[in-house]
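Side chains are part of it too, since the values below use all heavy atoms of this structure and drop only hydrogens, waters and symmetry mates.
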Amino acid sequence: MSHADRGDAYKPSRFNVVTRAEAGGLVIYNSMRGSIFRITPPTDDRVHDLLHNRNALLRRDEREGELFDALLARGFLVDADHDELAAAEEVSSRRKNRTDVLDLIIMPTEACNFRCHYCYEDFALGRMLTSVREGVRNLVRARHAATPLRRLTVSWFGGEPLVAFEVIEELSAFFLSFCEENGVEYSSAVTTNGYLLTEDVARRCLDLGINRYQITLDGPRDAHDSSRYLIGGGRTYDTIVANLDAMAGFTDDFHVTLRTNFTSENDARVPELIDELARHFAGDARFDAIYRPVGEWGGPQDGETGAHSGKEAELRKLELCSHAADHGLSHGDDRMLRPHGSVCYAASPWSFVIRPNGVVNKCTVALRDERNAVGLLREDGDLGLNAERMGLWVDTDDTSDSGCQTCFFRPACQGAACPLVRLEEERRPCPPHKVWIGPTIETYAAMARRTARPRAAAE
């Protein structure tokens, strides 16, 4: 006899969101499972009755057993005696207490060949010091010797990391060899402006295990070239797109996230970019698109960038995602709604940013904030961590915030969507997709239905 057939009592999950869709029916979401479904009439009314009252005690009715079992299997209903707060605490605890993973965000240089209008970096540090590279190698060796690693993840960041490609080659060769010899799962990604990612460089990156890329295009050719230009003002759009076209011709398995940073001034031009990219990459699941409003990120041009925030920016982001889906471009933003999906890398105690001079940071944005300098990597691999500063990034989360502890979004965010917000503004860093969860899940459910992705909504 199945668990559901025993006649036990159940209750709606505290991590549910149930919202009426403009197109009719319901959209339901559960943050402990990351489940998003659209429920159409006439089933929507019964689902609403089952889920809307968190304090209700429910029993399975044979007449609607299939519906009840489906809601139970997807986490929308749970056992009446199930302690969901304890379960959410365990989700957070498992992340924070892991010793078998190490995530390194390595800046091989802070120099850059671009001078983007909204950039917050000062390009002060050049190529990574030889002693720091040796420190990185010894750090990996020491971490594995102390507690065997199951996974090593390396993300290359800058500046423009490909300006110091020889550093990437040197360290990547070590990472590949070390992980193969020791049975450690290895993955690597690069955030690059794409200008130097020629066909030869892209093939070499794949050889080195770098198979995930984030590349920014800020609109059609003229809009992009007016905000993301070379030192001295040279154009960049055509070169980047040519490089992407060359990669699209590869038969290799990789993933490129095409990011667009939009402002209140250029967002009307972004659909033109979507139309253009769709002509190149529609239907190729290796390419997806994301859209992010430009914020005041601490650069000297903050007051001039047309920074975009609040509900208007979030709704515009959803409109752009929907437009991209209509044109056959994949999107990856729904991962933020899954458990851990909205937790910032800086909030995890096993994630570190290694700068070219060996300074160890937690955050890639607050580079000039002394609270972000949590250590100094020595040549022997010792991170020289400052426990008090580490605590500012990894301990201010749902363990200390009573509002986060009872929030429907807790498994996805864990009160750690942006530790920098807690530091600078002394407030709870609720991510915008949580604040406007109704439009968010309705948009994603509609996109999933149109594109028939595996996570598509139930009809």
Looking only at side chains, do [X] and [Y] share a donor and an acceptor under 3.5 Å apart?
X	Y	answer
Thr192	Gln214	no
Glu319	His323	no
Thr257	Asp288	yes
Gln414	His340	yes
Asn16	Asn30	yes

Show the nearest heavy-atom pair for residues [X] and [Y], with the distance to one decimal.
X	Y	value
Tyr29	Ile36	CD1-CG1, 3.7 Å
Thr399	Gln405	O-NE2, 3.5 Å
Cys179	Tyr186	SG-CB, 3.8 Å
Thr216	His224	O-CE1, 3.6 Å
Leu377	Val360	N-CG2, 3.7 Å
Asp218	Asn266	O-ND2, 3.5 Å

**Message:** Could you measure the distance from the CH2 atom of Trp436 to the CD1 atom of Ile441? Nearest 0.5 Å is fine.
**Reply:** 15.5 Å
**Gap between atom CG of Asn372 and atom SG of Cys363 - 0.5 Å precision** = 5.0 Å
Hey, is the main chain of [Y] close enough, under 3.5 Å, to the side chain of [X] for a donor-acceptor pair?
X	Y	result
Glu185	Arg150	no
Asn386	Glu388	yes
Trp156	Ser188	no
Thr109	Ala111	yes
His144	Leu149	yes
Trp350	Arg95	yes
Asn243	Gly194	yes
Glu425	Arg427	no
Arg389	Glu370	yes
Arg422	Gly415	yes

Heavy atoms from other residues, nucleotides or ligands near [atom1] of [X] exceed 12 (cutoff 6.0 Å):
X	atom1	value
Glu89	CD	no
Arg235	CZ	no
Glu180	CD	no

Within a strict 4.5 Å, meaning less than it, do heavy atoms of the [X] and [Y] side chains meet?
X	Y	answer
Met107	Pro161	no
Leu383	Ile354	yes
Val374	Asn361	no
Cys205	Phe165	yes
Tyr195	Leu230	yes
Asp103	Phe352	no

**Asked** Which pairs count as ring pair (Phe, Tyr, Trp, His ring centres under 6.0 Å) when at least one residue sits in residues 86-111, sequence neighbours excluded?
**Response** none
**side chain to side chain donor-acceptor pair (under 3.5 Å) evaluation trace for Asn113 with Asn193** = CA-CA 9 Å; Asn113 55 334; Asn193 58 41; 3.0 Å; yes
Give a yes/no verdict on a cation-pi contact between [X] and [Y], requiring under 6.0 Å between NZ or CZ and the six-membered ring centre and an angle within 45° of the axis.
X	Y	result
Arg115	Phe123	yes
Lys317	Phe262	no
Arg203	Phe250	yes

**Message:** Quick one, Tyr118 with Arg228, criterion side chain to side chain donor-acceptor pair (under 3.5 Å). Give me CA distance, side-chain angles, the key distance, then yes/no.
**Reply:** CA-CA 9 Å; Tyr118 45 72; Arg228 297 182 65 82; 2.9 Å; yes
**Message:** Under 6.0 Å between ring centres: does that hold for Phe287 and His255?
**Reply:** no
Charged N-O contact under 4.0 Å between [X] and [Y]:
X	Y	result
Asp401	Arg428	yes
Arg94	Glu90	yes
Glu170	Arg137	yes
Arg151	Asp100	no

**Prompt:** When you look at Thr364 and Tyr345, which way does the side chain to side chain donor-acceptor pair (under 3.5 Å) test go after all the steps?
**Reply:** CA-CA 10 Å; Thr364 59; Tyr345 58 87; 2.7 Å; yes
**Message:** As a quick check of understanding, evaluate side chain to side chain donor-acceptor pair (under 3.5 Å) for Arg259 and Asn261, giving each step before the final call.
**Reply:** CA-CA 7 Å; Arg259 172 171 173 151; Asn261 297 317; 2.7 Å; yes
